[in-house]
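For the single chain, residues carry numbers from 1 onward in sequence order. The figures that follow rest on heavy atoms only: side chains count, while hydrogens, waters and symmetry mates do not.
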Amino acid sequence: MSDTPNLRDAALAYHEFPKPGKLEIRATKPMANGRDLARAYSPGVAEACIEIKDDPANAARYTARGNLVAVVSNGSAVLGLGNIGALASKPVMEGKAVLFKKFASIDCFDIEVNESDPEKLADIVCALEPTFGAINLEDIKAPDCFIVEKLCRERMNIPVFHDDQHGTAIVVGAAAKNALHVAGKSFEDIKIVSTGGGAAGIACLNMLLKLGVKRENVWLCDIHGLVYEGRTEDMNPAKAAFAQTTDKRMLDDVIADADMFLGLSGPGVLKPDHVAQMAKQPIIFALANPTPEILPDDARSVAPDAIIATGRSDFPNQVNNVLCFPFIFRGALDVGATTINDEMQLACIDGIAALARATTSAEAAAAYQGEQLNFGPEYLIPKPFDPRLVGVVSSAVAKAAMETGVAQRPIADLDAYKTSLDGSVFKSALLMRPVFEAARAKARRIVFAEGEDERVLRAAQAMLEETTERPILIGRPEVIEARIARAGLTIRIGDNVDLVNPENDPRYRDYWGTYHDLMCRSGGTPDIARAIMRTNTTAIGAVMVHREEADSLICGTFGEFRWHLNYVTQVLGRDSYNPVGALSMMILEDGPLFVADTQVHLHPHPGQIAEIAIGAARHVRRFGIEPKIAFCSQSQFGNQGNGSGNRLREAIRMLDAQGHDFCYEGEMNIDTALDPELRDRLFPGNRMAGAANVLVFAHADAASGVRNILKMKGGGLEVGPILMGMGNRAHIVSPSITARGLLNMSAVAGTPVAHYG
């Protein structure tokens, strides 16, 4: 039941509107004409059928089976609701399918079955094998779930995974591994007392045995008391495996000196008096939902050093199966695993645990603002929205599947596989790969004007982990140190990052002197120079680049673009360097689209428009993409005599006279640029093939407007703006940029300009 009427109403509205349920089916191939129909269905579909008949492995090539999971339940043990039946369980199963899609891009069908006989339920599940690449059993009561899973695993040649058992066990295993790390204890030595005895509890205990816990050190209690040798009441083989030879009978009798309490039972089972009897720095996993076996505050009232996990999201260390099941299935599906074995589950544990010990991702920090996400007693496992989970965990699972011989489609290059997984959550990852590779070829010093910004600090951390660049931060050391500590980062001033303190830096005299030398014939006095070098971090960073103490400047996380551009141009816009334009790469669902000039020239003349196009072509090639530039206007191939069309046509004539090796065409409307069929109908024989991938506008308002619409309504992710014409010496980002965006811009800045011409 929901905690409040407001939450109840909101949850019901969420499920009902704008259309009932949480899932829909969409076609992945075009279905626009008779030719599409002939390929999708009769007669073309027969070709795919024949290929699969000849070789069943081809089903993964020609159908969705290789990325399709069934979430199957009979509704006999749904969350905290009990045996509510198959139909009432459907919202939960739909929700599980949504999580598969959200976290691992796995397609799901939820299948609710009216069958209480476990053997008949197993028969039904086994009959589904031709449809699915894997089966997720869900919310089936114990001991029936053991029977169903055992029969299905014996008879099916695809992974069958009862998430209530093994998913919970894996996340508990990862949390326990890190809790013992914090407490300085080992699996081999600890005493565990557990309450529950259901499917999840038994699976967790079995997993802890695999991690090194000794069976004689496990004391299992259920609603009837301790599980002991000779007990007959409410027993089954799974419980009996943990029976102790003892005259003790109740939780009160066995809790003394326990190092770990594992609860998957009910509210209030563990009392403060019990906690007081446990070992020093007890580990308490009170996982009953919605009310745990003991509330964290009650446990800490008698054991302030307790390490506590619950199943609730409003307390630290939520043991949530979503940390496991999407990613273990992702790895299993991608290698065509025939099962999910112990080694794959242990690999999943290791991946989850290691990720929590690593530096927190910027994306997770943004999703959980206000929470401390530094590894320790209150951060034992990652948060579900940590985007690194799919890459780390799924690749570890895939590797274990291959090493244990259950992978039918082994992956040749696991590093490339992990990169592709990262690319599924970091939309920029694959497109940025050539830029990062180029940046790694030479160590460059990148100075950040807004070094106190947490996004900058997280970007600096990621730079150290993913590139050879050295960050330089401009800011007050005490502020930066405090924010590094709060974010749990490993960057260290003077060790792996450098610092410029505007309030007190030994280079201050040199810096204001340099700035004065540059500006003395433009009205700049020594007093103005001194004031700017104390207060204007963009100018400080530009001076550092001018003095060759840094290779490139990144600024703009707050403030207006042209304000920053003024100081960048004052200091660095000399010799052959001159701001040509700002280029934004918008990463959309169907690929990248570049937009220029969004910032520099409000109303560029034809010569500037030509320079924008030349610069855009050069930078687009940095991403391994061949540019196809469309000059966009309300005018279409000369059909309007006035307005921006004139300037665009003149820019095209300039480019034609100069001779260039990139494709460009215009002037034209945006839809004409992106729709080759429309363009060919309006202007047969035009010189562009396919859709344009670069849109150049004659007004900054138009370019900026398109960029923002793509970002806010089109789901586009921006890389940029890239400041063209400055020899890669400075880039001015937008205030909305993320830490990942700053990392991308550091890679852009980290590539020597000679590398890309």
Side-chain angles (χ1 to χ4, degrees), residues 23-29 31 37 39-75 86 89-90 93-94 96-98 100-101 104-115 117-140 144-145 147-163 166 325-326 328-341 344 394 397-398 401 405-411:
L23 293 172
E24 66 179 8
I25 295 175
R26 294 188 180 187
T28 60
K29 301 293 165 58
M31 186 63 67
L37 181 61
R39 289 183 294 174
Y41 201 59
S42 180
V45 71
E47 301 302 329
C49 294
I50 292 168
E51 290 294 311
I52 296 169
K53 179 179 179 297
D54 292 342
D55 182 359
N58 281 330
R61 293 181 60 190
Y62 300 118
T63 75
R65 183 176 185 264
N67 193 50
L68 189 61
V69 169
V71 178
V72 181
S73 179
N74 64 359
S89 76
K90 188 171 180 63
M93 304 313 131
E94 281 190 358
K96 194 67 176 280
V98 169
F100 267 111
K101 188 66 175 179
S105 297
I106 294 172
D107 296 318
C108 274
F109 290 152
D110 61 291
I111 299 177
E112 295 76 31
V113 182
N114 274 323
E115 181 54 70
D117 184 307
E119 294 190 4
K120 291 182 179 178
L121 180 57
D123 289 341
I124 294 169
V125 174
C126 290
L128 299 174
E129 184 168 356
T131 302
F132 297 100
I135 303 291
N136 183 106
L137 300 175
E138 191 76 15
D139 291 350
I140 302 170
D144 294 0
C145 58
I147 299 169
V148 175
E149 185 185 45
K150 180 177 182 294
L151 291 173
C152 289
R153 294 186 69 166
E154 289 173 351
R155 293 160 54 185
M156 301 180 80
N157 202 39
I158 57 174
V160 178
F161 187 81
H162 185 213
D163 185 48
H166 309 301
F325 71 82
I328 199 166
F329 273 95
R330 178 75 279 157
L333 287 169
D334 288 342
V335 295
T338 57
T339 188
I340 294 176
N341 58 28
M344 294 162 72
S394 299
V397 169
V406 299
Q408 295 178 312
R409 299 189 302 274
I411 294 170

**Q** Considering non-hydrogen atoms only, spot the tightest contact between Val160 and Cys152 and give its length.
**A** CG1-CB, 3.9 Å

**Q** Given the rule in the salt bridge (charged side-chain N to carboxylate O under 4.0 Å, His left out) test, do Arg155 and Asp123 qualify, once you have shown the distances and angles that lead to the verdict?
**A** CA-CA 9 Å; Arg155 293 160 54 185; Asp123 289 341; 3.0 Å; yes

**Q** Taking all heavy atoms of Leu68 and all of Thr131, pick out the closest pair and write down the distance.
**A** CD2-O, 3.6 Å

**Q** Has the side chain of Asp334 got a donor or acceptor atom that lies under 3.5 Å from a matching backbone atom of Ile411?
**A** no

**Q** Kindly compute the distance separating OG1 (Thr63) from CD1 (Ile52), expressed to the nearest 0.5 Å.
**A** 5.0 Å

**Q** Listed by chain and number, what are the side-chain contact (heavy atoms from CB on, under 4.5 Å) partners of Arg39, not counting sequence neighbours?
**A** Arg35, Asp36

**Q** Taking salt bridge (Lys or Arg N to Asp or Glu O under 4.0 Å) as the cut-off, I'd like each qualifying pair that reaches into residues 127-138, sequence neighbours left out, listed once.
**A** Lys96-Glu138

**Q** Tell me, please, which residues at least two apart from Asp144 pass side-chain contact (heavy atoms from CB on, under 4.5 Å).
**A** Pro118, Ile140, Lys141

**Q** Inspect the surroundings of CD in Gln408 and state if more than 12 heavy atoms from other residues, nucleotides or ligands are less than 6.0 Å away.
**A** yes

**Q** Between Val335 and Ala401, which heavy-atom pair has the shortest distance, and what is it?
**A** CG2-CB, 3.8 Å

**Q** Kindly indicate whether the side chain of Asn74, heavy atoms from C-beta on, has any atom under 4.5 Å from the side chain of Glu112.
**A** no

**Q** Do Phe109 and Leu23 have side chains that get closer than 4.5 Å, going by heavy atoms?
**A** no

**Q** Under the side chain to side chain contact (heavy atoms under 4.5 Å, CB included) criterion, do Val69 and Phe161 qualify, and how do the steps go?
**A** CA-CA 11 Å; Val69 169; Phe161 187 81; over 6 Å; no

**Q** When you measure from the side chain of Arg330 to the backbone N and O of Ala398, does any donor-acceptor pair fall under 3.5 Å?
**A** no

**Q** Decide yes or no for Val406 and Met344: does some side-chain heavy atom of the first lie under 4.5 Å from some side-chain heavy atom of the second?
**A** yes

**Q** What heavy-atom pair brings Pro326 and Ala104 nearest, and what distance separates the two atoms?
**A** O-CB, 3.3 Å

**Q** Report the distance from atom CG of Asp107 to atom NZ of Lys101, rounding to the nearest 0.5 Å.
**A** 3.5 Å

**Q** For the atom pair OG (Ser73) and CG (Asn136), what is the distance rounded to the nearest 0.5 Å?
**A** 10.0 Å

**Q** Quick one: does Glu149's side chain have a donor or acceptor within less than 3.5 Å of a partner on His162's backbone?
**A** yes

**Q** Between Asp139 and Ser89, is the side chain to side chain contact (heavy atoms under 4.5 Å, CB included) condition met? List the steps.
**A** CA-CA 8 Å; Asp139 291 350; Ser89 76; 5.8 Å; no

**Q** Please examine the side chains of Ile111 and Phe132, heavy atoms only from C-beta on, and report whether any two atoms are closer than 4.5 Å.
**A** yes

**Q** Flag the pair Ile158 / Arg65 as yes when at least one side-chain heavy-atom distance between them is below 4.5 Å, and no otherwise.
**A** yes

**Q** Can you tell me how far the CD1 atom of Ile124 sits from the CG atom of Asn114, to the nearest 0.5 Å?
**A** 9.0 Å

**Q** For the OH atom on Tyr62, are there more than 12 heavy atoms of other groups (residues, nucleotides or ligands in this structure) within a distance under 6.0 Å?
**A** yes

**Q** As an exercise, state the distance from CG of Leu151 to CE of Met156, rounded to the nearest 0.5 Å.
**A** 11.5 Å

**Q** Grab the two heavy atoms, one from Leu121 and one from Glu115, that are nearest each other, plus how far apart they are.
**A** N-CG, 3.6 Å

**Q** Measuring from atom CG of Asp163 to atom SG of Cys145, what distance do you get when rounded to the nearest 0.5 angstrom?
**A** 12.0 Å

**Q** Closest approach of Ala134 and Leu333, non-hydrogen atoms and distance?
**A** CB-CD2, 4.1 Å

